[in-house]
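Below is one structure, written out as structure tokens; the observations come after it.
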There are 4 protein chains.
Amino acid sequence: MAAATRPGAAPVEARAPRARRVLPAEVRTDHLISAAADLFIAQGLEATTVDDIVARAGVAKGTFYHYFATKADVLVALRERFSQDFAARAAAAIEAVPDTDHPARFNAWLRAAVSTYLANFRLHDVVFHDFTHDRRRSREKDMVIGQLAALLEAGQEAGAWNLPNARAAALVLFDGMHGVVDDAIAAGQLDPAPLCGMLEQMLGRILVR
Amino acid sequence: MAAATRPGAAPVEARAPRARRVLPAEVRTDHLISAAADLFIAQGLEATTVDDIVARAGVAKGTFYHYFATKADVLVALRERFSQDFAARAAAAIEAVPDTDHPARFNAWLRAAVSTYLANFRLHDVVFHDFTHDRRRSREKDMVIGQLAALLEAGQEAGAWNLPNARAAALVLFDGMHGVVDDAIAAGQLDPAPLCGMLEQMLGRILVR
Amino acid sequence: MAAATRPGAAPVEARAPRARRVLPAEVRTDHLISAAADLFIAQGLEATTVDDIVARAGVAKGTFYHYFATKADVLVALRERFSQDFAARAAAAIEAVPDTDHPARFNAWLRAAVSTYLANFRLHDVVFHDFTHDRRRSREKDMVIGQLAALLEAGQEAGAWNLPNARAAALVLFDGMHGVVDDAIAAGQLDPAPLCGMLEQMLGRILVR
Amino acid sequence: MAAATRPGAAPVEARAPRARRVLPAEVRTDHLISAAADLFIAQGLEATTVDDIVARAGVAKGTFYHYFATKADVLVALRERFSQDFAARAAAAIEAVPDTDHPARFNAWLRAAVSTYLANFRLHDVVFHDFTHDRRRSREKDMVIGQLAALLEAGQEAGAWNLPNARAAALVLFDGMHGVVDDAIAAGQLDPAPLCGMLEQMLGRILVR
DNA sequence: AATGAATGAGCGTTCATTCAT
DNA sequence: CATGAATGAACGCTCATTCAT
């Protein structure tokens with residue numbers, strides 16, 4: 001049923017309306033995503049209301065719905081942004097290493113992954129909360145796993161190691177790394193260096209000739 | 001991996017702005033009314049938003065408010081168009097009959113009314129939805145009833161029939177016709193011929209010397 | 001997405017909670033329907049919010065939704081109540097006349113219908129606003145038309161009149177009466193007596209041997 | 001026809017009150033937990049209301065709150081049940097192997113873990129949904145990791161393998177297994193045998209002298 | 001112990017209308 | 001003339017929890 005009073009009709013008391021600032025869609029969208037990200041981290045996903053988001057972004061509620069059909073849609077946009085950033089950093093780290101030294105490339109991936117994850121786990125938690133088990137595979141995880149699997153396959157072809165199944169190995173390495181870093185975070189240990197050393201040694205065992 | 005507040009890639013695609021076409025006011029108005037009519041019929045009045053209308057008409061939202069002060073105003077314009085059409089058809093049918101044969105003139109009116117209504121009931125429903133009971137009398141209904149009452153009065157003066165009250169008779173004839181045709185529509189019977197036959201007989205009884 | 005704060009959690013400021021009155025479901029339901037009816041008449045259907053209804057009924061909002069799944073559901077219940085009442089009054093009027101005098105039975109129906117409608121048209125408008133055209137046939141209208149058609153058929157079998165189609169006649173009589181009374185209401189003429197006299201004469205013409 | 005406020009017939013059917021059955025607390029608790037588990041799996045945690053649970057368990061709402069202070073408490077109880085079952089199965093598998101053959105003990109653990117997870121992943125998803133990232137460490141995961149770490153430490157002391165850090169190794173093995181099995185589930189491959197073979201080979205590389 | 005009517009704060013979403021460009 | 005980003009008041013509905021019986 002429709003609203004009883006005509007929206008947009010003159011308000012009972014004249015209040016100074018908010019100054020209207022017209023911004024390019026792209027900029028507004030980004031402001032909104034960032035406001036949402038900050039609040040999701042600080043208060044959690046469910047506890048953050050659309051009112052909170054628009055208040056922080058300094059716009060009216062309608063503006064939010066001008067850009068996102070649904071509260072859940074901001075999360076989708078945020079996840080996209082997050083994953084692309086993760087992949088870009090890992091790729092940069094790998095490419096900084098000569099593409100003939102496969103163990104060094106893996107270690108570069110490992111260090112980038114550990115430190116990026118340690119630096120952003122709070123956002124990570126928000127962004128993947130609903131995806132870990134439910135869907136088990138997401139475009140986002142596939143992007144990351146695919147990247148690592150490609151690295152492993154390149155090493156395999158070059159004879160750097162001998163893996164029965166590159167995708168499965170990528171999963172063990174990624175999720176193994178994830179689990180160890182999660183445990184470190186829970187223990188309050190946020191320095192990547194010792195973790196990387198230990199993981200290089202432990203995970204390196206899987207990458208044997 | 002981005003800080004939460006970092007501006008990133010925009011998830012909203014840049015759109016090529018619509019080509020701006022200047023059109024004569026009457027044409028624009030007509031496009032908008034027709035777009036609205038189609039949508040009102042397809043989805044209902046309340047369910048059709050101004051956004052829907054401008055999307056279908058291929059113009060921007062502001063353009064709508066150049067031509068109509070209010071969403072309700074399109075409906076008013078549509079109602080006008082509809083009623084004039086109805087009256088014109090009825091008038092044409094009546095005038096095709098010699099103005100001395102009053103029973104034949106009534107039957108001509110009846111056939112025109114039944115078939116016009118059957119052909120347009122979906123638009124009729126939209127256009128009169130809020131008028132049937134609420135206001136009980138509208139300029140539009142009065143136009144139609146006045147037309148029929150005039151026909152009845154002419155017959156009365158010529159001694160073709162004897163009615164205590166021409167307006168009341170017009171109402172009984174018009175609403176009686178309406179009710180029977182509504183029932184036929186609900187039953188899926190959209191052919192005017194059998195309805196006209198039956199109504200001529202039934203309603204003719206009111207028009208007796 | 002779920003509410004961010006746990007409903008039922010202690011409110012920030014302790015306010016004296018409303019005294020809880022437990023009532024039989026039937027009684028609560030009826031109070032709610034009546035509150036809704038009053039408000040629908042006074043302010044219209046759309047303009048009446050669920051908040052208005054519960055405020056008038058003196059209960060919490062949740063109580064409303066304990067009994068009705070939807071705002072529209074109260075209207076359904078109200079329509080039911082209205083129609084049963086209309087049919088009951090018409091039946092009582094008919095049955096007060098010897099079942100051999102068919103014209104008198106019809107006139108009894110007519111007087112009951114006109115005066116009941118005149119006395120309740122505001123509620124009628126609310127209750128049937130969305131049904132008149134849209135659905136064209138409703139359980140409720142069918143109930144009333146069926147009742148009148150039965151009366152007409154009884155008279156037909158007894159030879160009191162000669163109708164080609166009892167249902168169609170019932171529709172003409174009912175909707176004809178409706179249209180004339182609507183016009184009278186619009187003209188501010190709420191006294192049933194003159195209307196009944198005129199309608200008896202006019203509609204009686206349809207009921208001829 | 002009724003005045004708007006007249007009490008009328010109740011549209012709510014009178015229900016026969018449910019027969020009141022007194023049951024031992026433990027039985028009631030178990031019924032409720034099982035009802036909740038079924039619904040959590042079928043519809044998700046958030047989408048399952050306390051009303052749903054009591055409806056399925058066939059008790060009144062108040063009864064639920066006799067046994068659980070909070071909706072979240074059922075989930076806690078369910079998690080407890082789930083984890084104890086998992087640990088018990090793993091323990092049974094390990095103990096069926098001579099405690100001198102450490103690699104075989106690990107493989108026994110692996111097979112039990114994979115097949116138990118594959119058989120129960122839907123319940124697992126529900127039960128750990130909110131724990132995976134948020135808290136990163138739970139009593140429940142610690143129980144499982146502790147069990148595996150103990151196995152690894154025993155092998156370490158016996159010289160079966162040489163690990164820098166038993167807990168970290170347990171995490172890599174457990175989460176690595178988890179990731180590979182999740183991927184298999186997503187691919188619709190629910191047979192444990194091929195997974196176990198591949199994982200024995202891949203994870204076995206970590207357990208080297 | 002068991003019932004089920006009652007509570008109410010809270011939230012996501014809608015959409016007619018305005019106005020800077 | 002035309003555009004479309006921005007506004008914001010309003011509303012229906014949810015559901016965990018309480019408590020009189």
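What's counted below: heavy atoms across the whole structure, side chains too, no hydrogens, waters or symmetry copies. Letters A, B, ... are given to chains in the order of the sequence lines, protein chains preceding strands, and every chain is numbered from 1.
For the pair Y67(B) and D73(B), the minimum side-chain heavy-atom distance is 4.5 Å or more. Between E140(B) and F82(B) there is no side-chain heavy-atom pair separated by less than 4.5 Å. With contacts defined as side-chain heavy-atom distances shorter than 4.5 Å, the pair V54(A)/T63(A) does not qualify.
Proximity note for R20(C) (side chain, C-beta onward) versus dA2(E), dA16(F), dA20(F): the nearest is dA20(F). Of the candidate nucleotides dT3(F), dC13(F), dA16(F), dT3(F) has the atom lying nearest to any side-chain atom of A60(B).
The side chain of T63(C) places an N or O atom within less than 4.0 Å of a non-bridging phosphate oxygen (OP1 or OP2) of dT7(E). Side-chain nitrogen and oxygen atoms of R28(C) include none within less than 4.0 Å of the OP1 or OP2 phosphate oxygen of dA5(E). Checking the phosphate oxygens (OP1, OP2) of dT14(F), no side-chain nitrogen or oxygen of Y65(C) falls inside 4.0 Å. For the pair T70(C) and dC13(F), the criterion of a side-chain N or O lying under 4.0 Å from OP1 or OP2 is met.
Taking atom CG on D51(C) and atom P on dG10(E), their separation rounds to 14 Å, with Å as the unit. Regarding F64(C), its CZ atom lies at a distance of 17 Å from the C1' atom of dC15(F), rounded to whole Å. Distance, H31(A) NE2 to dA5(F) C1': 15 Å, rounded to whole Å. Remark: P of dT18(E) and NZ of K71(B) are 15 Å apart, rounded to the nearest angstrom. Rounded to whole angstrom, the span from the CG atom of D52(B) across to the C1' atom of dA16(E) amounts to 13 Å. In this entry the distance linking CG of L23(C) with C1' of dG4(E) reads 14 Å, nearest Å. In this entry the distance linking OH of Y67(D) with P of dT18(F) reads 18 Å, nearest Å. For L32(D) and dA2(E), the CG to C1' distance is 12 Å, given to the nearest whole Å.
Listed by chain and number, the residues in a salt bridge (charged side-chain N to carboxylate O under 4.0 Å, His left out) with R21(A) amount to none (sequence neighbours excluded).
If you check every strand for non-hydrogen atoms under 4.0 Å, F68(B) touches nothing.
In terms of modelled atom types and a separation under 3.5 Å, the side chain of K71(B) and the main chain of T48(B) share a donor-acceptor contact. Although no hydrogens or angles enter the test, the distance criterion places a donor-acceptor pair under 3.5 Å between the side chain of D52(B) and the main chain of T49(B).
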Check: residues 30-44 of chain B side-chain donor-acceptor pairs under 3.5 Å, at least two apart:
{"from": "S34(B)", "atom 1": "OG", "to": "D30(B)", "atom 2": "O", "distance (Å)": "3.1"}
{"from": "S34(B)", "atom 1": "OG", "to": "R81(B)", "atom 2": "NH2", "distance (Å)": "3.1"}
{"from": "D38(B)", "atom 1": "OD2", "to": "R56(B)", "atom 2": "NH1", "distance (Å)": "2.7"}

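Interface remark: the K61(D) side chain does not form any donor-acceptor pair with the dT3(E) base, using a distance-only criterion of under 3.5 Å. For H66(D) against dA2(E), a side-chain-to-base donor-acceptor contact under 3.5 Å is present.
Pairing analysis of DNA chain E (Watson-Crick: purine N1 to pyrimidine N3 plus N6-O4 or O6-N4; G-U wobble: N1-O2 and O6-N3; both under 3.5 Å) yields stems of 3 or more pairs at E:2-21 with F:2-21.
Heavy-atom nearest nucleotides on DNA chain F were determined for G62(D) and for R21(A), and the one closer to the 5' end corresponds to R21(A). Comparing P24(A) and V50(C) by the nucleotide of DNA chain F whose heavy atom lies nearest to each, the residue mapping closer to the 5' end is P24(A).
Scanning all heavy atoms of the two residues, the minimum distance from F68(D) to T29(D) falls at CZ-CG2, 3.9 Å.
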